[in-house]
Engineer: 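The structure is given below, and queries will be raised subsequently.
Just so you know, residue 1 is the first one in the sequence shown, and it goes up from there.
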Amino acid sequence: MSEEFSVDEMYMGMALREAERGAAEGEVPCGAVIVKDDLVIGKAHNQTEMLKDPTAHAEILAITQAAAELENWRLTDAVMYVTKEPCPMCAGAIVLARIKKVVWAVDDPKRGGARSKFEILDHTDLNHRVEMESGVLHDECKALLQGFFRARRAENKATAPE
């Protein structure tokens with residue numbers, strides 16, 4: 001990577017720091033940042049374990065913050081940066097919030113709701129289509145996810161009854 005960071009890399013770096021916070025709390029390390037007019041209006045990491053809430057994904061929490069910041073549920077012209085491709089639930093929320101573009105680092109071929117498994121963000125039957133870009137800070141975000149799940153598997157193996 002060059003010494004100069006792009007704007008996308010800068011905001012994805014913020015999302016990565018959110019994901020690292022989540023990992024430190026035992027959450028699946030996914031972080032999201034929402035930007036509008038060069039201002040961060042929402043940022044979060046997964047909190048499903050802490051809140052005991054299956055909807056407490058980074059994207060959903062960041063959308064809630066951004067809507068509160070703008071005092072409007074329509075996040076028109078906002079861009080979301082997220083470390084992993086949004087799941088179907090989050091992709092649906094992104095469409096409903098009218099987010100202009102989503103930039104993610106790592107595809108999710110098993111559960112991706114944007115493009116890899118389900119194509120929700122630009123589905124022709126929906127009333128809004130979202131621009132997409134993937135691969136920004138891919139290696140860094142992938143390493144965090146893989147390290148987290150490797151450690152989790154090792155913990156589960158160590159605590160499994162013999």
Engineer: In this structure, are over 12 heavy atoms from other groups packed under 6.0 Å from Lys101 atom NZ?
Structural biologist: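 Result for NZ/Lys101: enclosed.
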Engineer: Can you get from Met80 to Leu75 by hopping between Ile, Leu, Val, Met, Phe, Trp and Tyr side chains that sit under 4.5 Å apart?
Structural biologist: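 Per the 4.5 Å side-chain linkage, Met80 and Leu75 are co-clustered.
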Engineer: Does Val28 sit in a hydrophobic cluster with other residues, and if so which ones, taking ILVMFWY side chains as linked at heavy-atom separations under 4.5 Å, directly or through other members?
Structural biologist: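 Via sub-4.5 Å side-chain contacts, Val28 links to Val106, Leu145, Phe148, Phe149.
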Engineer: Is there a side-chain contact between Asp53 and Gln47 (heavy atoms, below 4.5 Å)?
Structural biologist: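 No. Closest side-chain heavy atoms not under 4.5 Å.
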Engineer: More than 12 non-hydrogen atoms from neighbouring residues, nucleotides or ligands closer than 6.0 Å to CG on Asn156, yes or no?
Structural biologist: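 More than 12 within 6.0 Å, yes.
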Engineer: Assigning hydrophobic clusters by single linkage (Ile, Leu, Val, Met, Phe, Trp, Tyr; side-chain heavy-atom cutoff under 4.5 Å), is Ile99 placed with Leu61?
Structural biologist: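 No, Ile99 does not connect to Leu61 through the hydrophobic network.
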Engineer: Would a 4.5 Å heavy-atom cut-off, applied to side chains only, mark Asp77 and Arg98 as touching?
Structural biologist: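 Asp77 vs Arg98: side chains apart.
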Engineer: Using a strict cut-off of less than 4.0 Å between a Lys/Arg side-chain nitrogen and an Asp/Glu carboxylate oxygen, indicate whether Glu18 and Arg21 qualify as a salt bridge.
Structural biologist: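 Arg21 and Glu18: salt-bridged.
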Engineer: By the rule that ILVMFWY residues connect when side-chain heavy atoms come within less than 4.5 angstrom, directly or transitively, which residues belong alongside Ile60?
Structural biologist: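 ILVMFWY cluster around Ile60 also holds Met89.
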Engineer: Determine which pairs satisfy salt bridge (Lys or Arg N to Asp or Glu O under 4.0 Å) with at least one residue from residues 80-89, sequence neighbours left out, and list them in order.
Structural biologist: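 Non-adjacent pairs meeting salt bridge (Lys or Arg N to Asp or Glu O under 4.0 Å): Lys84-Asp108.
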Engineer: Is any side-chain heavy atom of Thr48 closer than 4.5 Å to one of His57?
Structural biologist: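 Result yes, sub-4.5 Å side-chain heavy-atom pair found.
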Engineer: Do you know the tightest heavy-atom contact between Ala91 and Gly113?
Structural biologist: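 Smallest heavy-atom distance, with atoms named: CB-O, 3.4 Å.
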Engineer: Is the shortest side-chain heavy-atom distance between Ile120 and Pro88 below 4.5 Å?
Structural biologist: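 Result yes, sub-4.5 Å side-chain heavy-atom pair found.
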Engineer: Return yes if some donor-acceptor pair links the side-chain N/O of Asp107 with the main-chain N/O of Pro109 below 3.5 Å, else return no.
Structural biologist: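 No, Asp107 side chain to Pro109 backbone: no donor-acceptor pair under 3.5 Å.
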Engineer: Members other than Leu51 in its cluster, when Ile, Leu, Val, Met, Phe, Trp, Tyr link by side-chain heavy atoms under 4.5 Å?
Structural biologist: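 Members other than Leu51 - counting any ILVMFWY side chain reachable under 4.5 Å - are Met50.
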Engineer: Answer yes if Val130 and Phe118 sit in the same cluster of Ile, Leu, Val, Met, Phe, Trp and Tyr residues linked by side chain heavy atoms under 4.5 Å apart, and no otherwise.
Structural biologist: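 Yes, one cluster joins them.
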Engineer: Are more than 12 heavy atoms from other residues, nucleotides or ligands located less than 6.0 Å from atom NZ of Lys117?
Structural biologist: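 Result for NZ/Lys117: open.
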Engineer: With respect to Glu59, which candidate in Val82, Ile34, Thr64 satisfies the side chain to side chain contact (heavy atoms under 4.5 Å, CB included) definition?
Structural biologist: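 Of Val82, Ile34, Thr64, side chain to side chain contact (heavy atoms under 4.5 Å, CB included) with Glu59 is met by Val82 alone.
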Engineer: Report the hydrophobic cluster partners of Leu144, with the cluster defined as I, L, V, M, F, W, Y residues connected by side-chain heavy atoms closer than 4.5 angstrom, directly or transitively.
Structural biologist: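 Leu144 clusters with Leu16.
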Engineer: Is there a donor-acceptor pair closer than 3.5 Å between any side-chain N or O of Gln65 and the backbone N or O of Lys43?
Structural biologist: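 Side chain of Gln65 to backbone of Lys43, a donor-acceptor pair under 3.5 Å: yes, one is there.
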Engineer: Check whether Met132 and Val79 end up in the same hydrophobic cluster, where Ile, Leu, Val, Met, Phe, Trp and Tyr are linked by side-chain heavy atoms less than 4.5 Å apart.
Structural biologist: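 No, because Met132 and Val79 fall into different hydrophobic clusters, even though each may have its own neighbours under 4.5 Å.
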Engineer: With the 4.5 Å side-chain cut-off for hydrophobic clustering, are Leu126 and Leu121 part of the same group?
Structural biologist: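 Result: yes, single cluster for both.
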Engineer: Does any part of the side chain of Trp104, heavy atoms only, come nearer than 4.5 Å to the side chain of Arg115, both counted from C-beta?
Structural biologist: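 Yes. Closest side-chain heavy atoms under 4.5 Å.
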Engineer: Contact between Arg150 and Arg153 at the side-chain level, heavy atoms closer than 4.5 Å - yes or no?
Structural biologist: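 The answer is yes, as the side chains (C-beta and beyond) meet within the 4.5 Å cut-off.
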Engineer: Under the 3.5 angstrom rule, does the side chain of Asn46 hit a backbone N or O of Ala58 as a donor-acceptor pair?
Structural biologist: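 Flag set: sc Asn46 to bb Ala58 pair under 3.5 Å.
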Engineer: Which pairs, with at least one residue in residues 6-46 and sequence neighbours excluded, count as a ring-ring contact (aromatic ring centres under 6.0 Å, His included)?
Structural biologist: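 Passing the test, one end in residues 6-46: Tyr11-Tyr81.
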Engineer: Rounded to the nearest 0.5 Å, what separates atom OG1 in Thr83 from atom CD in Glu140?
Structural biologist: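 If we round to the nearest 0.5 Å, Thr83:OG1 and Glu140:CD are 11.5 Å apart.
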Engineer: Rounded to the nearest 0.5 Å, what separates atom CD1 in Ile63 from atom CG in Leu96?
Structural biologist: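 That separation rounds to 8.5 Å.
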Engineer: What do the steps show when you test Val33 against Met12 for side chain to side chain contact (heavy atoms under 4.5 Å, CB included), and what is the final call?
Structural biologist: CA-CA 8 Å; Val33 171; Met12 187 64 75; over 6 Å; no
